[in-house]
Enquirer: 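The following block contains the structure, expressed as structure tokens.
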Amino acid sequence: MDTLQYLGQGFGVALSPNNLITALAGTTIGTIVGLLPGLGPINGVALLIPVAFALGLPPDTALILLAAVYLGCEYGGRISSILLNIPGEASAVMTTLDGYPLARQGKAGIALSISAWSSFIGGFIATIGVVIFAPLLASWAVSFGPAEYFMLMIFAVVCLAGMAGDKPVKTGVAVLIGLLLSCVGIDANSGVYRFTFGALGLSDGIQFVVLVLGLFSISEILTLLERTEHGQTALKASGRMLFNVKEGASVFATNIRSGVMGFVFGILPGAGATLASAMSYMTEKRLAGKEGRFGNGDLRGLAAPETANSASACGSMVPMLTLGIPGSGTTAVMMGALTLYNITPGPLLFQNQPDLVWGLIASLFIANIILIVMNVPMIKIFTRILSVPNWTLVPAIAIITSIGVYAVHATTFDLFLMIGIGVFGYILRKLDFPLSGVLLGFILGGLMESNLRRALSISNGDLSVLWSSPISQALWALVVLIALLPFWRAWRAKRRAPALQPDV
Amino acid sequence: MYQRLFAGFLLAVCAVLGWMAWGLEAPFSYEPVGPRAYPLLLLGLLAAGALVLVIKPALESGSNEEAPLSPVMVPKLLLCLALLLALAALFERLGFVLTSVAFAYGMSRLFGGRNLPSIAVALVLGLGLYFLFDRILDVPLPLGVLAALEN
């Protein structure tokens, strides 16, 4: 088995002392970033990129750091969901539904430990999935030409809009805004300045760290301002700190189901952890039927979203590593980091940089183990961080964000640009446009355009190249199918409307 | 209401950018697709999406009626924005340490901190982050007016 041999090689990379320390630091930072409301994996990862550069970390170590932070965030997000009823990050929203009631019943310790355990199983299942499926997908994707790539990106974008559920048009608009933002700067093929408005700072485009931190940190700070009035105190994690065998067994089937589901959602481009946790919660609720106490502190309702969001975090590495298409907002940021290292993620990565790829996959296993070991005994320390008040936290976030942006190019122009993007992001957010769409569009934009133009160059301008190969035809079929999904859903909802609304 | 306003604004932006993009021509080119086609395609699609939102915002289910901003919030938001802009403007001129101490104090007060704790937090953040990033993590930060104190 080649795969096992490569995996062994990957463990060799991941277990080197430097990378092990990096994974430890990353998971700790990730857990803290995840549990703090207002900081999620996207800003956590984006903030660390300039630091990784400044420290001169080699690409494999940098990637391990970012992946550890990402996974740590999915663990950390549950803590504030359970104790505060405020999700620490977006994908932990569903965790509040049953986690907070459990904490109010004095079972906070059990809730915290079983959710950590669920996260572990989810991450573990999904990492095995990565080991099995990533090499397969990569060896298949090597045969993709520019036309197939272009179609694949169209598929990713349509997936995002079609799967987002209740607001396909808004998601589409958000993606298009992101795609347009990626056009800013010198056009690589012709040297023409596009949409720079004569600003020198825009001539090589908008730096993606600036965009990410503007969209996610600055707009978050403005949002937090509205929430300053009603402060909430965290519940104490008291009582039994560890779940018992019976409780563990009662959620085991849920863990397995949600883990597989989260992995699948993670692979699908665009559908990230947030959707995965929501879907697995709904599924478990339906499976449990009347006997479930979902919403009132059912352990399964806590285990399902936590398993799913960790699984989808690992799963979203698959499209990033094999296709060069991010499976989630955070992997989009990681992809941006790789391109800063002049590494283009894609199928060739498995051939050209096996150490990087397999080191990353092995480190997912290791990070997962570190996290479960760290999260169960040290939970009291992490919960103490929750009592940091906003008036300390927000200035710190704002200043660290500015440092991160300034570190990229050392110009204050980028700081102003970040604030501008942040205000725009805040408006989008207030109007319920998904910001992750803008981010994904921005990351995919450049690749999409260059692949389209390359494809048309090869065919000498003949558009039929876009649907001539069987792969692109299959992708077209999928695109049409997913584009029709919202219409089908609307039709179904209309048919059901006379009946009683199902409670959510 | 705001939805429509914003969608209308997007339409206007599309029009302006479209007009700008029309003038994008490569002086010489070896490929069939120039720098103009792709942005124009995107702008067309964006305009179509915005048009849908202007005409029929109710098409999108979900929370269309965003909780309106309470009037108390507006000056706070503007103040927060002003602080951020001041941070950006003074970052290099005054130097990182002084700017961030002042900024952190302002933000801390804005987010409901009391006076003395805010001063303490601001000092710790300004100095601590400078040493953490500039000295330990090798991210160079401008010293500004304090540069004279060095050496």
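What you are looking at is a predicted structure, and each value in this text was computed from that prediction instead of being measured. Naming: A, B, ... by sequence-line order, numbering from 1 per chain.
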Enquirer: Sort A:Phe53 into side chain, backbone, both or neither according to what part of it lies under 4.5 angstrom from a heavy atom of chain B.
Expert: neither
Enquirer: With ring-ring contact (aromatic ring centres under 6.0 Å, His included) as the criterion, how do B:Phe133 and B:Phe96 come out once you've worked through the C-alpha distance, each side chain's angles and the decisive distance to 0.1 Å?
Expert: CA-CA 11 Å; B:Phe133 280 92; B:Phe96 173 78; 8.1 Å; no
Enquirer: So which heavy atom on B:Val54 is nearest to which on B:Ala7, and how close?
Expert: CG2-CB, 3.4 Å
Enquirer: Roughly how far, to the nearest 0.5 Å, is CG of B:Leu85 from CG of B:Leu90?
Expert: 10.5 Å
Enquirer: Output the distance between atom OH (A:Tyr406) and atom CG (A:Asp414), rounded to the nearest 0.5 Å.
Expert: 10.5 Å
Enquirer: With a 4.5 angstrom heavy-atom cut-off, is it the side chain or the backbone of A:Leu180 that approaches chain B, or both, or neither?
Expert: both
Enquirer: Would you mind telling me which of A:Gly172, A:Ala398, A:Pro50, A:Pro395 has the largest number of heavy-atom pairs within less than 4.5 Å of chain B?
Expert: A:Pro395
Enquirer: So which part of B:Ala89 gets closer than 4.5 Å to some heavy atom of chain A, the side chain, the backbone, both or neither?
Expert: both
Enquirer: Please report the closest heavy-atom contact between A:Pro146 and A:Ala455, naming both atoms and the distance.
Expert: CB-N, 3.8 Å
Enquirer: Can you tell me which portion of B:Leu125 sits under 4.5 Å from chain A's heavy atoms? Options are side chain, backbone, both or neither.
Expert: side chain
Enquirer: Mind ranking A:Thr392, A:Thr411, A:Val175, A:Leu452 by heavy-atom pairs under 4.5 Å with chain B and telling me who comes out on top?
Expert: A:Thr392
Enquirer: Please report the closest heavy-atom contact between B:Leu43 and B:Ala21, naming both atoms and the distance.
Expert: CD1-CB, 4.3 Å
Enquirer: I'd like to know which of B:Gly106, B:Gly49, B:Pro117, B:Ser108 tops the heavy-atom pair count under 4.5 Å against chain A.
Expert: B:Ser108
Enquirer: As an exercise: rank A:Met448, A:Arg454, A:Arg194 by heavy-atom pairs under 4.5 Å with chain B and give me the winner.
Expert: A:Arg194
Enquirer: Where do B:Arg4 and B:Ile55 come nearest, in terms of heavy atoms and distance?
Expert: NH2-O, 3.2 Å
Enquirer: Specify which of B:Gly113, B:Pro140, B:Ser118 makes the most heavy-atom pairs with chain A at under 4.5 Å.
Expert: B:Gly113
Enquirer: Is it the side chain or the backbone of B:Val139 that comes within 4.5 Å of chain A heavy atoms, both, or neither?
Expert: both
Enquirer: Side chain, backbone, both or neither: which part of A:Leu393 has a heavy atom under 4.5 Å from chain B?
Expert: neither
Enquirer: Assess B:Arg109 against A:Trp391: is NZ or CZ under 6.0 Å from the centre of the six-membered ring, and within 45 degrees of the ring's axis?
Expert: no
Enquirer: Most heavy-atom pairs under 4.5 angstrom with chain B, which of A:Ile218, A:Leu179, A:Val394, A:Val51?
Expert: A:Val394
Enquirer: Nearest heavy-atom pair of A:Phe442 and A:Ile206: which atoms, and what distance?
Expert: CZ-O, 3.2 Å
Enquirer: Taking every heavy-atom pair that is under 4.5 Å apart, which of B:Tyr38, B:Phe6, B:Phe103 has the most such pairs with chain A?
Expert: B:Tyr38
Enquirer: Heavy-atom distance under 4.5 Å to chain A: side chain of B:Ile136, backbone, both or neither?
Expert: backbone
